[in-house]
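Some notes on the structure that comes next.
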Amino acid sequence: MRISQLVFPLFGNGVTKFQPVFVGDVAEAVARALADDVTRSKTYELGGPVVYSFKELLALIATLTERKPLFIPIPFFLLNIMAALTGWLPYAPVTLDQARLLRVDNVVKTGSDAAIVGTLRDLGVQPMALEAILPSYLWTFRRAGQFTEPRGV
């Protein structure tokens with residue numbers, strides 16, 4: 001968004017789901033799993049407390065960085081073409097692997113599938129909300145610069 005000030009691509013109409021997790025929560029979960037023999041040979045899926053669409057994540061990033069780009073929907077087949085043409089370049093805007101990942105939801109299992117895996121809570125870790133963490137990562141990317149007070153956030 002910093003490079004493209006006016007428009008930003010919204011691949012697949014932004015419907016892909018993500019469940020971002022704070023790295024500190026993952027580290028805590030790993031430490032607890034290693035310290036407890038009960039966790040041996042069990043599978044854990046680690047996700048944050050909220051599931052977001054790709055569009056919701058981009059909107060949150062835009063708000064925190066004080067930007068108002070126009071999100072332009074790009075179908076996945078065009079994303080694949082772009083990745084094939086530019087993915088081999090150093091600092092490519094998108095690779096084929098990234099294009100494949102953007103098509104598939106990346107969330108912790110739910111429903112009957114959830115019974116076979118553990119979560120952060122099963123390891124005694126209370127997941128941090130993205131809204132509590134993200135501003136500390138994105139403050140340097142604010143439109144007016146990193147040393148200005150946030151406006152309306």
Side-chain angles (χ1 to χ4, degrees), residues 1-34 42-110 113-114 117-121 123 125-153:
M1 284 183 207
R2 186 170 58 173
I3 294 169
S4 177
Q5 301 281 327
L6 301 175
V7 297
F8 197 83
L10 186 61
F11 301 117
N13 218 19
V15 297
T16 306
K17 301 291 184 198
F18 295 91
Q19 194 170 356
V21 60
F22 175 51
V23 67
D25 292 341
V26 173
E28 180 67 23
V30 170
R32 289 182 183 212
L34 291 172
K42 291 187 179 179
T43 300
Y44 292 87
E45 291 190 0
L46 309 181
V50 179
V51 174
Y52 301 88
S53 70
F54 186 49
K55 185 176 184 176
E56 291 169 331
L57 286 173
L58 290 176
L60 180 59
I61 291 167
T63 298
L64 292 173
T65 59
E66 300 174 348
R67 298 177 193 285
K68 295 180 182 177
L70 175 64
F71 293 115
I72 304 294
I74 306 288
F76 283 126
F77 80 90
L78 288 178
L79 173 63
N80 288 344
I81 292 169
M82 186 171 86
L85 293 174
T86 65
W88 57 273
L89 293 169
Y91 308 106
V94 67
T95 66
L96 282 171
D97 285 338
Q98 290 168 331
R100 288 183 193 108
L101 285 172
L102 283 172
R103 288 177 173 262
V104 182
D105 292 344
N106 190 350
V107 297
V108 172
K109 286 182 176 58
T110 59
D113 290 339
V117 298
T119 64
L120 285 171
R121 286 191 174 90
L123 292 166
V125 177
Q126 178 66 35
M128 286 267 240
L130 180 65
E131 291 80 2
I133 305 286
L134 202 54
S136 68
Y137 284 100
L138 295 179
W139 67 277
T140 59
F141 300 102
R142 287 196 302 247
R143 185 179 187 112
Q146 64 187 16
F147 300 111
T148 59
E149 288 293 319
R151 292 176 280 173
V153 177

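Source: prediction; values computed, not measured.
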In Å, rounded to the nearest 0.5 Å, how long is the span from [atom1] of [X] to [atom2] of [Y]?
| X | Y | atom1 | atom2 | result |
| --- | --- | --- | --- | --- |
| Glu131 | Leu60 | CD | CG | 5.5 Å |
| Glu56 | Phe18 | CD | CZ | 11.5 Å |
| Lys109 | Glu45 | NZ | CD | 3.5 Å |
| Arg67 | Phe141 | CZ | CZ | 9.0 Å |
| Leu10 | Lys55 | CG | NZ | 6.0 Å |
| Thr140 | Leu138 | OG1 | CG | 7.5 Å |

Indicate the atoms forming the closest heavy-atom contact of [X] with [Y], along with that distance.
| X | Y | answer |
| --- | --- | --- |
| Leu85 | Trp88 | O-NE1, 2.8 Å |
| Ala129 | Pro49 | CA-CG, 3.9 Å |
| Leu120 | Pro127 | CD1-CB, 3.6 Å |
| Gly48 | Val21 | N-CB, 3.6 Å |
| Leu58 | Pro9 | CD1-O, 4.0 Å |

For residues 69-77, please give each side-chain donor-acceptor pair under 3.5 Å, one per line with the distance, not counting sequence neighbours.
none

Open item on the list: Using the salt bridge (charged side-chain N to carboxylate O under 4.0 Å, His left out) criterion, which residues pair with Lys42? Sequence neighbours excluded.
Closed with: none
- [ ] Let me see the working for Asn106 and Leu101 under side chain to side chain contact (heavy atoms under 4.5 Å, CB included), right down to the final yes or no.
- [x] CA-CA 8 Å; Asn106 190 350; Leu101 285 172; 5.9 Å; no
- [ ] Just jot down the side-chain hydrogen bond (donor to acceptor under 3.5 Å, both in side chains) partners of Tyr44, sequence neighbours excluded, or say none.
- [x] none
Open item on the list: Going by side-chain hydrogen bond (donor to acceptor under 3.5 Å, both in side chains), name the residues that satisfy it together with Lys68, two or more places apart in sequence or in a different chain.
Closed with: none
Open item on the list: Is there a side chain to side chain contact (heavy atoms under 4.5 Å, CB included) between Gln98 and Phe11? Walk through the geometry before answering.
Closed with: CA-CA 11 Å; Gln98 290 168 331; Phe11 301 117; over 6 Å; no
- [ ] Sorted by first residue and then second, give each salt bridge (charged side-chain N to carboxylate O under 4.0 Å, His left out) pair with at least one member in residues 7-31; sequence neighbours left out.
- [x] Glu28-Arg32
Task: Residue pairs involving residues 89-98 (criterion salt bridge (charged side-chain N to carboxylate O under 4.0 Å, His left out); sequence neighbours excluded) - done: Asp97-Arg100
Task: From Asp105, Val50, Leu46, Val107, residue fulfilling side chain to side chain contact (heavy atoms under 4.5 Å, CB included) relative to Gln19 - done: Val107
- [ ] With side chain to side chain contact (heavy atoms under 4.5 Å, CB included) as the test, would you mind laying out the steps for Leu102 and Leu79 before giving the verdict?
- [x] CA-CA 9 Å; Leu102 283 172; Leu79 173 63; 4.0 Å; yes
Open item on the list: When you compare the side chain of Val23 with that of Ile133, does any pair of heavy atoms fall below 4.5 Å?
Closed with: no
- [ ] Please assess Leu130 against Leu57 for the test side chain to side chain contact (heavy atoms under 4.5 Å, CB included), listing each intermediate value before the final yes or no.
- [x] CA-CA 10 Å; Leu130 180 65; Leu57 286 173; 3.5 Å; yes
